[in-house]
Amino acid sequence: MTSMSAMPSHLWINGHVLPSAVARLSPFDHGWLVGDGAFETLVARAGVPFALRRHHERLVDSCAALGIEPPTLLIFRDALLAVMRATGHSDARLRFTISSGDGPMGSDKGESMPTMTAVAVAVPAWPPSTAVVTVPWTRNETGALAGFKTTSYGENVRALAYAKAHSAGEAIFPNTRGLLCEGTGSNVFLVIDGVLTTPSLDSGCLPGITRALVLEACGARGLVIQEIPIAMADFTACEEAFITSSTRDVMPVSHIDGRALKHLPGAFTARAAAALAELMSSDVDP
């Protein structure tokens, strides 16, 4: 359980930076009542949020799917910078959340303005690799929220708890067609017949920012990556895999369903990690 001492000292809420001890949201907010909201998680290094524009663009897409008026890029950026200053984090895990605001008890939307919050905490200290397990539940690749980053995370909470109960650090979902989809907070890459491979977006996976950056960075280095439908059997039998996310970057997979992988980290994983690191160290925001 997270202790209160680990909580951030300040939050940004609707344009105001407030101490966490006094910051409050309405009990009628639809993000709380029915999960009617969207969010982005990104990292900042030396005070600069990484891939800021890409994260804002994805947030705009998620808001459009939910019928929520999105923040401007200026509001998005200034909120993150303000909460970083208030908490004293220059290297930070940042989260910007937006909901449709106050609404009725049911699924009907209200007429209030959106609620927006931003928070900055220390970047997680991830292990060098992680075990993953496949879960007995599916992602609905044709669902209304497929491919969008919303606050409706109940499935992820249950799946990650399942993974932790099975001594793993991430849970992997198939979709309704029995194809590889994604993790609870990550995209999946694996090597199939000597080719680095990742599920195509029609699998229902989130269009991860780090996923896209790995594809582009590897392509610039001449490393071919195929985006195709992937059978779960190909994933569970593979000998090299990694997951990606904004806070994990490229993280090698050590075990799948308790089976140790032969290559840790494998050659493809090392090349992908190096390509992403080179991109992240450049002065250009991708």
Worksheet item: In this structure, which one of Arg95, Lys149, Arg77, Arg58 forms a salt bridge (Lys or Arg N to Asp or Glu O under 4.0 Å) with Glu40?
Response: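 So the option named by the test is Arg58.
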
Worksheet item: In terms of ring plane angle, is the pair Phe242 and Phe189 parallel, tilted or perpendicular, where the classes change at 30° and 60°?
Response: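 Ring orientation, 0 to 90° scale: parallel.
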
When you check the side-chain N and O atoms of [X] and [Y], is any donor under 3.5 Å from an acceptor?
{"X": "Thr138", "Y": "Asn140", "result": "no"}
{"X": "Ser186", "Y": "Glu170", "result": "yes"}
{"X": "Glu182", "Y": "Ser203", "result": "no"}

Discussion item. Let me confirm one number: the SG-CZ distance from Cys238 to Arg259, rounded to the nearest 0.5 Å.
Written reply: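 Interatomic distance, Cys238 SG to Arg259 CZ, rounded to 0.5 Å: 6.0 Å.
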
Discussion item. Tell me whether the count of non-hydrogen atoms from other residues, nucleotides or ligands lying under 6.0 Å of CZ in Arg53 goes above 12.
Written reply: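 Atom CZ in Arg53 is not packed in, count stays at 12 or less.
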
Discussion item. Any salt bridge linking Glu240 with Lys262? Criterion: basic side-chain nitrogen under 4.0 Å from a carboxylate oxygen.
Written reply: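 Salt bridge flag = no for Lys262 with Glu240.
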
Worksheet item: Step by step, would you call Arg45 with Asp249 a salt bridge (Lys or Arg N to Asp or Glu O under 4.0 Å)?
Response: CA-CA 13 Å; Arg45 295 177 174 85; Asp249 297 334; 3.5 Å; yes

Item to complete: For Ala171 and Leu160, work out which heavy atoms get closest and say how close.
Response: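 The pair with the smallest heavy-atom distance is CB-N, 4.3 Å.
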
Fill in: Considering all heavy atoms, the nearest Ala131-Ser167 contact
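Looking at all heavy atoms of both residues, the closest pair is CB-O, 4.0 Å.
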
Worksheet item: How about Tyr153 and Phe39: are their ring centres within less than 6.0 Å of each other?
Response: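 Judged by ring-centre distance (under 6.0 Å), Tyr153 and Phe39 do meet the cut-off.
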
Practice prompt. Evaluate the criterion salt bridge (Lys or Arg N to Asp or Glu O under 4.0 Å) for residue pair Arg211 and Glu227; output intermediate values, then yes/no.
Written response: CA-CA 11 Å; Arg211 173 189 182 275; Glu227 300 176 75; 2.7 Å; yes

